Each structure stands twice: as C-alpha cells, then as structure tokens.
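Presented below is the structure to which this report refers.
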Amino acid sequence: MASRLAILASGRGSNLQAILDAIASGTLEAEIAGVFSDKPDAQALLRVPEALRWSRTPKSCGGREAFDTVLADAVAASHPDWVVCVGYMRILGEAFIRRFHGRILNIHPSLLPKYKGLHTHQRALQAGDTEHGASVHFVTAELDGGAVIAQARIPVHADDTVADLAARVLACEHPLLLQVLQLAAADRIAACDGNARLDGQPLFTPLSLQCPHC
Ligand SMILES: Nc1nc2c(c(=O)[nH]1)N[C@@H](CN(C=O)c1ccc(C(=O)N[C@@H](CCC(=O)O)C(=O)O)cc1)CN2
Ligand SMILES: NCC(=O)N[C@@H]1O[C@H](COP(=O)([O-])[O-])[C@@H](O)[C@H]1O
C-alpha cells in the first residue's frame with residue numbers, strides 16, 4: 001500500500017519534483033495526498049493536478065492560529081501517512097504539531113543543530129565554515145529542533161557565494177530527502193522520546209548519507 005504524503009511547500013518545489021519523479025520511476029512507493037501552501041502563487045502547487053492543490057493565506061484565515069487550524073483540517077482530510085515540509089516557510093503551531101505528532105518531516109538547509117531558522121547559507125559563509133549541508137528531521141514545536149534523521153555534507157569552497165552554496169546544497173537535498181522518505185514509506189523510522197529511531201533502534205547520530213553529486 002503506497003504511503004500517502006501531504007506536502008507543505010511555500011516556493012519553487014524542486015524537492016517536491018524530486019518526490020514526484022521518484023514516485024513515477026517506482027523508486028519511492030508513495031502517493032501525494034495533497035500539496036498545501038501558504039502562498040497561492042507557489043510554483044510547487046503547479047507541479048501537481050489541481051485536485052491535489054490547497055492554498056490559503058494566513059491573512060485570509062484571520063491570522064496565524066486560525067490559518068494553522070484550517071491547514072490542519074485540510075491536511076487531515078487528505079489522510080496522510082506523513083506530512084513533509086519542503087521549503088515550507090511558516091512556523092507550525094503547537095496544535096498542528098500535536099495533531100500530526102511524530103509524522104511531520106522537514107528538510108532543512110544546514111547541518112543541524114547548526115543554523116536553525118533562516119539564511120543558513122549566508123550564516124555558514126560568514127562563519128567561515130569549511131563544511132555545510134542539509135538535514136532531514138522530525139518537526140516539533142521547537143523550530144528546527146526536532147530529532148535529526150539523516151544529513152548530507154558538502155565542502156564549502158573559498159570562492160562560494162550564497163547562491164553557489166545554496167545550489168550545491170539543494171542538489172544534495174533531493175537524494176537525501178528521497179532516501180529518508182523511502183525509510184518512512186517502509187515505516188522504518190519513527191520519533192520516540194525525542195529521538196529518531198530506525199528499525200526500532202535509537203539514532204544517537206544522524207544517518208550520514210553520501211551525496212551522489214559530491
Ligand atoms: N514548529 C515548527 N514549524 C516548522 C519547522 C519546525 O521545525 N518546527 N520547520 C520549518 C521549516 N523552516 C526551516 O527549515 C523554517 C520555516 C520558517 C521559518 C520562519 O522564520 N518563518 C517566519 C516567516 C518567514 C517568512 O514569511 O519569510 C514565520 O513563520 O514567522 C524558519 C524556519 C517549517 N515549520
Ligand atoms: N527553513 C526551510 C528552508 O529554508 N527550506 C529550504 O527551502 C528550499 C526549498 O527548495 P524547493 O522549493 O526547491 O524544494 C530547500 O533548500 C529547503 O532546504
């Protein structure tokens with residue numbers, strides 16, 4: 001039975017496209033339950049049929065809390081097995097987290113716990129880091145503080161701009177996310193007592209997945 005993925009996205013949707021391509025090629029046994037956005041003009045929405053698209057603005061719902069409730073109801077109505085944040089640029093409220101607890105994943109463009117939040121590539125360059133990368137983690141109320149499941153590492157080049165680094169990280173995000181979603185679709189990962197578990201065993205250190213592009 002294919003695992004149903006509810007996708008939350010605010011932008012371009014290249015990670016969503018990687019998921020769609022993997023489903024189409026048979027390398028990911030999953031189906032898209034819906035694509036949900038806080039940005040009605042998000043390009044990600046255009047990557048799926050209209051019947052799978054949902055978007056509202058927090059303003060149109062009467063504010064952040066009301067938006068979270070409307071979003072949670074819409075996501076629940078799609079009967080997802082997993083909720084996957086891919087460039088979803090809003091902080092999810094505690095009510096949403098509770099409703100889908102342990103089933104929300106996010107891909108974040110840094111080697112967590114470094115650089116939680118926004119502008120991660122700029123911060124890595126400003127810090128003079130020689131290594132950077134991406135993380136897939138469980139989503140909790142604490143922003144980017146949930147248990148990390150897997151990471152992909154890339155070298156930082158001396159002449160890297162923010163755009164150069166963002167592009168190289170993004171190229172590694174796609175295989176990283178797909179490898180984690182394959183585990184999720186097979187029900188091999190779970191969140192338990194603040195840890196990520198693989199096949200029931202706690203992951204005290206994140207899976208370190210080799211980026212095929214590096
Ligand atoms: N409760 C949680 N919500 C979300 C998490 C999480 O771990 N816990 N991960 C994020 C994704 N994310 C980074 O990976 C992230 C998203 C949004 C923000 C942020 O500061 N958003 C601002 C608005 C920014 C804007 O509109 O440009 C906000 O919501 O006030 C930081 C990190 C998904 N949500
Ligand atoms: N804090 C969340 C965040 O910054 N997420 C990042 O947004 C981009 C979405 O790209 P995409 O729309 O092409 O998948 C990705 O780089 C993802 O890591």
Side-chain angles (χ1 to χ4, degrees), residues 5-22 32 35-48 55-59 61 63-69 71-72 75 82-124 132-154 162-178 180-181 191 194 196 209 211 213:
L5 308 179
I7 306 294
L8 273 57
S10 301
R12 165 188 51 195
S14 73
N15 276 287
L16 169 58
Q17 193 58 56
I19 295 169
L20 293 167
D21 294 347
I32 302 299
V35 178
F36 304 81
S37 186
D38 60 319
K39 307 270 189 202
D41 61 353
Q43 190 184 343
L45 291 166
L46 301 178
R47 296 179 188 270
V48 294
S55 67
R56 298 284 189 289
T57 63
K59 187 177 177 187
C61 295
R64 180 187 286 267
E65 202 166 316
F67 171 79
D68 254 19
T69 302
L71 173 66
V75 171
W82 293 92
V83 180
V84 187
C85 298
V86 284
Y88 182 67
M89 301 308 286
R90 301 210 71 82
I91 299 172
L92 292 162
E94 293 202 21
F96 187 100
I97 302 289
R98 277 197 304 274
R99 194 152 174 188
F100 303 100
H101 184 71
R103 309 298 287 184
I104 313 172
L105 303 173
N106 179 52
I107 185 152
H108 179 77
S110 81
L111 294 175
L112 291 171
K114 292 184 83 170
Y115 312 129
K116 297 176 181 178
L118 300 173
H119 313 302
T120 61
H121 310 305
Q122 180 181 341
R123 292 154 67 189
H132 190 40
S135 306
V136 179
H137 65 97
F138 283 105
V139 171
T140 62
E142 181 197 348
L143 184 61
D144 300 330
V148 180
I149 301 160
Q151 295 181 315
R153 296 169 180 272
I154 66 162
V162 168
D164 296 333
L165 200 50
R168 285 216 315 284
V169 168
L170 190 63
C172 288
E173 287 184 29
H174 299 160
L176 173 68
L177 179 62
L178 292 176
V180 173
L181 289 180
L209 301 178
C211 170
H213 304 289

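In each ligand, atom 1 is the first atom listed, and ligand 1 is the first ligand listed. All values reported here derive from a predicted model rather than from experimental measurement.
- Interatomic distance, CG of Asn15 versus CG of Leu170, reported as 6.0 Å (0.5 Å rounding).
- With no hydrogens or angles considered, a side-chain donor-acceptor pair links Ser14 and His174 at under 3.5 Å.
- Side-chain contact check for His132 and His121: at least one donor-acceptor pair (N or O, by modelled atom type) lies under 3.5 Å.
- Counting only distance, with no hydrogens or angles, the side chain of Thr120 and the backbone of Tyr115 share no donor-acceptor pair below 3.5 Å.
- The nearest non-hydrogen atom to atom 22 (C) of ligand 1, considering only Met89, His119, His108, Glu94, comes from Met89.
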Between Leu118 and Met89, is the side chain to side chain contact (heavy atoms under 4.5 Å, CB included) condition met? List the steps. CA-CA 9 Å; Leu118 300 173; Met89 301 308 286; 3.1 Å; yes
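- Rounding to the nearest 0.5 Å gives a distance of 9.5 Å between OG of Ser135 and CG of Asn106.
- Using a 4.5 Å cut-off on side-chain heavy atoms (C-beta onward), Leu16 and Ile32 make contact.
- With a 4.0 Å cut-off on non-hydrogen atoms, Leu8 does not touch ligand 1 at all.
- Contacts with ligand 1 closer than 4.0 Å are made by heavy atoms of both the backbone and the side chain of Leu143.
- Ligand-side atoms of ligand 1 in range of Thr140: 1 (N), 2 (C), 6 (C), 8 (N), range being under 4.0 angstrom from any heavy atom.
- Contact check for Lys114 versus Arg123: no side-chain heavy atoms found under the 4.5 Å cut-off.
- The closest side-chain heavy-atom distance from Arg90 to Asp68 is not below 4.5 Å.
- For the pair Leu92/Leu8, a side-chain contact is recorded, criterion being any heavy-atom separation below 4.5 Å from C-beta on.
- In this structure, Leu71 and Arg56 have side chains that are not in contact, with every pair of non-hydrogen atoms separated by 4.5 Å or more.
- Ranking protein heavy atoms by distance to atom 12 (N) of ligand 1, first place goes to Asp144 OD1, 3.8 Å.
- Distances between N or O atoms of Met89 and those of ligand 2 include no value under 3.5 Å.
- Ligand 1 has at least one atom lying under 4.0 Å from a heavy atom of Ala141.
- Not one N or O of Val139 is nearer than 3.5 Å to an N or O of ligand 1, by distance alone.
- Between Ser110 atom OG and Gln151 atom CD the span is 8.0 Å, to the nearest 0.5 Å.
- Using a 4.0 Å cut-off between heavy atoms, Leu170 contacts ligand 2 through its side chain alone, with no backbone atom that close.
- Protein heavy atom nearest atom 12 (O) of ligand 2, with residue, atom name and distance: Gly13 N, 2.8 Å.
- Counting only heavy atoms of the protein, atom 17 (C) of ligand 2 lies nearest to Glu173 OE1, 3.3 Å.
- For atom 4 (O) of ligand 2, the choice among Ser10, Pro109, Ala166, Ser135 with the nearest heavy atom turns out to be Pro109.
- In this structure, Tyr88 and Asp38 have side chains that are in contact, with non-hydrogen atoms separated by less than 4.5 Å.
- Within a 4.0 Å radius of atom 27 (O) of ligand 1, the protein contributes no heavy atom.
- In this structure, the side chain of Arg47 engages the main chain of Gly13 through a donor-acceptor pair within 3.5 Å.
- The protein atom (non-hydrogen) at minimum distance from atom 29 (O) of ligand 1 is Ile91 N, 3.0 Å.
- Ligand 1 has no nitrogen or oxygen under 3.5 angstrom from a nitrogen or oxygen of Leu118.
- Nearest non-hydrogen protein atom to atom 34 (N) of ligand 1 is Arg90 O, 2.8 Å.
- Protein heavy atom nearest atom 16 (C) of ligand 1, with residue, atom name and distance: Tyr88 O, 3.4 Å.
- Checked against a 3.5 angstrom limit, the closest N/O atoms of Arg64 and ligand 1 fall inside it.
- The ligand atoms of ligand 2 that sit less than 4.0 angstrom from a heavy atom of Ser14 are 11 (P), 12 (O), 13 (O), 14 (O).
- Looking at Tyr88 next to ligand 2, no N or O pair under 3.5 Å apart turns up.
- Between Phe138 and Leu105 there is a side-chain heavy-atom pair separated by less than 4.5 Å.
- Looking from atom 9 (C) of ligand 2 to the surrounding protein, the closest heavy atom is Gly87 CA, 3.7 Å.
- Polar contact with ligand 1: present for Leu92 (N/O pair, distance under 3.5 Å).
- Of the protein's non-hydrogen atoms, Arg12 NH2, 4.1 Å is the one closest to atom 8 (C) of ligand 2.
- Which parts of ligand 1 touch His137 is read off a 4.0 Å heavy-atom cut-off, strictly below it: atoms 7 (O).
- Taking every heavy atom of Glu142 and a limit of under 4.0 angstrom, the matching atoms of ligand 1 come to 7 (O), 8 (N).
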